[in-house]
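A note on names: the letters A, B, ... follow the listed sequences, proteins ahead of strands, and every chain is numbered from 1.
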Amino acid sequence: MTDIKRLWKEATYKALANLATSMGLESGVGDMEALVAEYPPKPELGDIGFPMFSYAKLFKKSPAAIAGEMESLLAAKGETLLRYGRPKAVGPYLNIFLDRLSIIGEVLARGTRSDWNTYLPFNGRKVMVEFSCPNTNKPLHLGHLRNNVLGESLSRILKAAGAQVRKVNLINDRGIHICKSMLAYQVYGGGRSPEDEGLKSDHFVGKYYVLFNQLKKEDPGAEEKAQELLRLWESGDAETLALWKKMNQWAVEGIKTTYARQGVGFDDYYFESLTYTKGKQEVLEGLSRGVFYRDGDGSVWADLEDVGLDRKVLLRRDGTSIYITQDIGTAIQRSKDWPFDELVYVVASEQHYHFRALFEILRRLGYSWSKNLFHLAYGLVNLPSGRMKTREGTVVDADDLIDELTVLAQKEIEAKGRDALVGDPAAVAEKVALGALHYYLLQTSPTKDMLYDPEQSLSFTGNTGPYIQYMGARACSILRKGGEGELAGRRETGGVSPAGAAVLNNESDWPLLRCLASYSSALEAAARVKEPSIMAAYAHELASSFSGWYRDNPVLSNPDPELSQGRLDLVKAVKSTLEQVCSLLCIPFLEVM
RNA sequence: GCGUUCGUAGCUCAGCUGGAUAGAGCGACGGACUUCGAAUCCGUAGGUCGCAGGUUCGAUUCCUGUCGGACGCACCA
């Protein structure tokens, strides 16, 4: 929501409240959030619409009558408000016709300043976002790519909305699965390194994890040997630790390379090997306070049946921690490390139950911040052929996928004969590949399982990342030809001349201007409900709106220099907004493609 | 069995706290490149919002039931 729209919402809300007071109504009109602001279906009805239905009961009047009274109340507010638009009752709706020159001025200012995003609804809020959390026994796959881009994009959105964001990763670097790849390496590895085999280091580790299956066939005692390795690891056996450290480093290094390629990063890494004993103390304290109970065999339990959950084991009968116990400890540790207002866990929806239990246990332990924990659950990524399964070898490797998309993007660049024009075709191709992949993964609401269709994601037309990148590149192309020098000169003085704004005040420019103006409300909604898909939808709407606009409104090839300059200013604002939106969605912005 | 979640056009998906005529893309069909890059644009066809009740001035949206899919209910993570 732009400043001007917010101004109208506040004014309308105050007028409603005053109306209630003047009628001596005690119950009031609720809070401002309850006042719905929407777009009228047709531009000739106005630019903002406030439905008055919900106030009919309170005022004991028809919605249309209320809208009428509101119109005259607001119209009497005087010049200060009316400078920004005009209220009009349209049936049961109170609509506002915005002063377009004000909106145009606000929007065009984006082309001249880099710090144009001034609406910060999350200002001052501290949000920690946990995502990725890979195992160190194999490389990342398609599911991780969805997790990574969701976490990174959400973090960027929250930051853009004013929040202070801390991105954290928890590396699952211990446990039986790690020991399996270690054991297979002991048997088949022959002391070789990833370099020796010419493999990316995490793929190298993953290869031995797969080889464990072969080992099981050759040696029926393989599972037991892996268990033994885990016991050795826990007892601190030097040789086991050395091997663990070496393979872990290979895995983590390789995974970080994929992060860098994908453009995701973290402010802090937690390692399960360092946190897996945490939480035990808190559980024992909870036990002594009667929050938990001890079973006959010595195990410690939480009884969550009264909130619709089951009984959960927190400590084994031998007193050791389990998964949820670690998470209890880690959450408490984090609240101390960096006291947050909110902690978001980006984790597959398979673990929804786990997080409900975790949050409830933390609440019972007396941590008031437990109500600020949020599980951003996302669905599985399926293939047209069915679910990805490790055992059936249908897992899509992250690096391989990006490679394949890059090859296809490069072929497309060559087919268009643009390889000489884009500079480095391979580099541009990878950026197009990432744009395609990230947009595809973000366009769907996180909660839903989604179908990853390679065919469709590779068709670079329609509702896709490359389409958005293409519109950005077209905007850049127009600006290049239009002479950035003149605009750059104006950046010094800042602002846009009133004449420049007036030349854009007509019906053909308005849809694009209105779309640009709605950036803030899209950002606010995306941050509030934690769904990057809202920004993805906005990105496509903006790109498509721009596409339609520049077809009908020649920027450079028109005879009026003032009009050209005004339109150039508008293109500049589009480019600036698209660049920002792409950054929020982890879509590389391209000047040429 | 219990719980969570999803069900919108042939396909893949939007639809923000209930609001004015449910929207995109793909695919299909028909158009537009001597004009700022056609990876584009324009038009047409296509929906009983799974089904049945309920609440409401108003329900794709909220509630109940039901059918179908997915996931979960380990002293695994």
Inset, instruction - Measure across K225(A) and L183(A) and return the closest heavy-atom pair with its distance rounded to 0.1 Å. - result: CB-CD2, 3.7 Å

Inset, instruction - List for me each residue that meets side chain to side chain donor-acceptor pair (under 3.5 Å) alongside E305(A), sequence neighbours excluded, and say none if there are none. - result: none

Inset, instruction - In whole angstrom, give me the gap between the P atoms of U5(B) and C62(B). - result: 11 Å

Inset, instruction - Applying side-chain contact (heavy atoms from CB on, under 4.5 Å), name anything that partners Y269(A), two or more places apart in sequence or on another chain. - result: N169(A), I171(A), K256(A), Y259(A), F266(A), F271(A)

Legend entry - C1' atoms of A45(B) and C33(B), separation to the nearest Å: 26 Å

Inset, instruction - Could you tell me the separation between the CD atom of E412(A) and the P atom of A38(B), rounded to a whole number of Å? - result: 15 Å

Inset, instruction - Tell me, with the steps shown, if S508(A) and D552(A) meet side-chain hydrogen bond (donor to acceptor under 3.5 Å, both in side chains). - result: CA-CA 8 Å; S508(A) 66; D552(A) 298 331; over 6 Å; no

Legend entry - G15(B) versus A52(B) - spacing of their P atoms, nearest Å: 25 Å

Legend entry - Separation of atom CD in E360(A) from atom P in C73(B), rounded to whole Å: 18 Å

Inset, instruction - Name all residues meeting the side chain to side chain donor-acceptor pair (under 3.5 Å) criterion together with D424(A); count only those two or more places apart in sequence or in a different chain, and write none if there are none. - result: none

Legend entry - Residue R551(A), side-chain atoms from C-beta onward, closest of C42(B), C76(B), C57(B): C42(B)

Legend entry - Sugar-phosphate, base or nothing in reach of N553(A), heavy atoms under 4.0 Å: base

Legend entry - Which nucleotide in U40(B), C13(B), A77(B) has an atom nearest any side-chain atom of Q443(A): C13(B)

Inset, instruction - Would you indicate whether the side-chain heavy atoms of Q443(A) and M450(A) approach each other to under 4.5 Å? - result: no

Inset, instruction - Could you check whether the rings of H354(A) and Y323(A) sit parallel, tilted or perpendicular, using 30° and 60° as the cut-offs? - result: parallel

Might you list the N or O atoms of the protein lying below 3.5 Å from N or O atoms in nucleotides 32-34 of chain B, with each pair's distance?
none

Inset, instruction - Side chain of A537(A) only, please: which of G72(B), A14(B), A77(B) is the nearest? - result: A14(B)

Inset, instruction - Taking only heavy atoms on the protein side, list every residue of residues 318-326 of chain A lying under 4.0 Å from any atom of RNA chain B, sorted numerically. - result: I322(A), Y323(A)

Inset, instruction - Let me know the distance between NE2 of H354(A) and C1' of G72(B), rounded to the nearest Å. - result: 13 Å

Inset, instruction - Answer whether the closest heavy-atom distance between the side chains of D310(A) and Y353(A) falls below 4.5 Å. - result: yes

Legend entry - RNA chain B: stems of at least 3 consecutive Watson-Crick or G-U pairs whose donor-acceptor distances fall under 3.5 Å: B:1-7 with B:67-73, B:10-13 with B:23-26, B:28-32 with B:40-44, B:50-54 with B:62-66

Legend entry - Donor + acceptor pair across side chains of D173(A), T136(A) (<3.5 Å): no

Inset, instruction - Look at the aromatic rings of W233(A) and W244(A) and report parallel, tilted or perpendicular, splitting at 30° and 60°. - result: perpendicular

Inset, instruction - Give a yes/no on whether any side-chain N or O of K481(A) is located under 4.0 angstrom from OP1 or OP2 of G37(B). - result: yes

Inset, instruction - Write down the atom of H375(A), the atom of V347(A), and the distance for their closest heavy-atom approach. - result: NE2-O, 2.9 Å

Legend entry - Distance between P atoms of G27(B) and U12(B) (Å, rounded): 15 Å

Legend entry - Whole-angstrom distance between C29(B) and U34(B), as gauged at atom P: 24 Å

Legend entry - Any donor-acceptor N/O pair, D449(A) side chain to L380(A) backbone, under 3.5 Å: yes

Legend entry - Atom P, compared across G72(B) and U17(B): separation rounded to whole Å: 28 Å

Inset, instruction - Find the distance M471(A):CE to C36(B):P and express it as a whole number of Å. - result: 15 Å

Legend entry - Separation of the C1' atoms in C26(B) and U40(B), to the nearest angstrom: 16 Å

Inset, instruction - Return the value, rounded to whole Å, for the distance between atom CZ of R474(A) and atom P of U35(B). - result: 12 Å

Inset, instruction - If a protein heavy atom is under 4.0 Å from the base, mark B; if only from the sugar-phosphate, S; if neither, -; do that for nucleotides 63-68 of chain B going 5' to 3'. - result: ------

Legend entry - Out of U40(B), C36(B), A24(B), whichever nucleotide has its closest atom nearest the side chain of H540(A): A24(B)

Legend entry - Nearest-nucleotide comparison on RNA chain B, the residue closer to the 5′ end among L309(A) and R174(A): L309(A)

Inset, instruction - May I ask you to evaluate whether S477(A) reaches the phosphate of G37(B), defined as a side-chain N or O under 4.0 Å from OP1 or OP2? - result: yes

Legend entry - Along RNA chain B (nearest heavy atom to each residue), the more 5'-positioned of S533(A) and L315(A): S533(A)

N/O to N/O distances under 3.5 Å, protein versus nucleotides 26-31 of chain B:
none

Inset, instruction - Before giving the answer on ring pair (Phe, Tyr, Trp, His ring centres under 6.0 Å), spell out for H177(A) and Y209(A) the whole-Å C-alpha distance, their side-chain angles and the decisive distance to 0.1 Å. - result: CA-CA 8 Å; H177(A) 50 292; Y209(A) 183 69; 7.4 Å; no

Polar atoms only, N or O, under 3.5 Å: list the protein pairs with nucleotides 4-6 of chain B and their distances.
none

Inset, instruction - Any chance you could lay out the side-chain hydrogen bond (donor to acceptor under 3.5 Å, both in side chains) test for Y550(A) and R474(A), step after step, and finish with the verdict? - result: CA-CA 10 Å; Y550(A) 81 68; R474(A) 291 301 303 273; 2.8 Å; yes

Inset, instruction - Take V313(A) and D295(A) through the test side chain to side chain contact (heavy atoms under 4.5 Å, CB included) and record every step on the way to the result. - result: CA-CA 10 Å; V313(A) 181; D295(A) 200 24; over 6 Å; no

Inset, instruction - Rounded to the nearest angstrom, tell me the gap between atom CD in E223(A) and atom P in C76(B). - result: 14 Å

Legend entry - Cation-pi geometry met for R146(A) and Y452(A) (6.0 Å, 45°): no

Distances under 3.5 Å only, N/O to N/O: pair up the protein atoms with those of nucleotides 43-47 of chain B.
none

Inset, instruction - With P as the reference atom in both, quote the distance from G43(B) to G65(B) in angstrom, rounded to an integer. - result: 45 Å

Legend entry - Heavy-atom side-chain contact between L284(A) and R294(A) under 4.5 Å: yes

Legend entry - Closest heavy-atom pair and its distance - L512(A), S545(A): CA-OG, 3.4 Å

Legend entry - Side-chain (S299(A)) to main-chain (L315(A)) donor-acceptor, under 3.5 angstrom: no

Legend entry - Check: N463(A)/Y439(A) side-chain N/O donor and acceptor closer than 3.5 Å: yes

In a table with atom names and distances, give each donor-acceptor pair under 3.5 Å that connects a side chain of residues 89-96 of chain A to protein atoms at least two apart or in another chain.
unit_1	atom_1	unit_2	atom_2	d
N95(A)	ND2	L45(A)	O	2.8

Inset, instruction - Using a 4.0 Å cut-off on protein heavy atoms (strictly under), produce a 5'-to-3' string for nucleotides 16-22 of chain B with B for base contact, S for backbone-only sugar-phosphate contact, and - for none. - result: SB-BBB-

Legend entry - Test log, rule salt bridge (Lys or Arg N to Asp or Glu O under 4.0 Å), inputs E44(A) and K88(A): CA-CA 11 Å; E44(A) 54 267 36; K88(A) 188 174 193 314; over 6 Å; no

Inset, instruction - Give a yes or no on this: more than 12 heavy atoms of other residues, nucleotides or ligands lie within 6.0 Å of atom NZ of K312(A). - result: yes

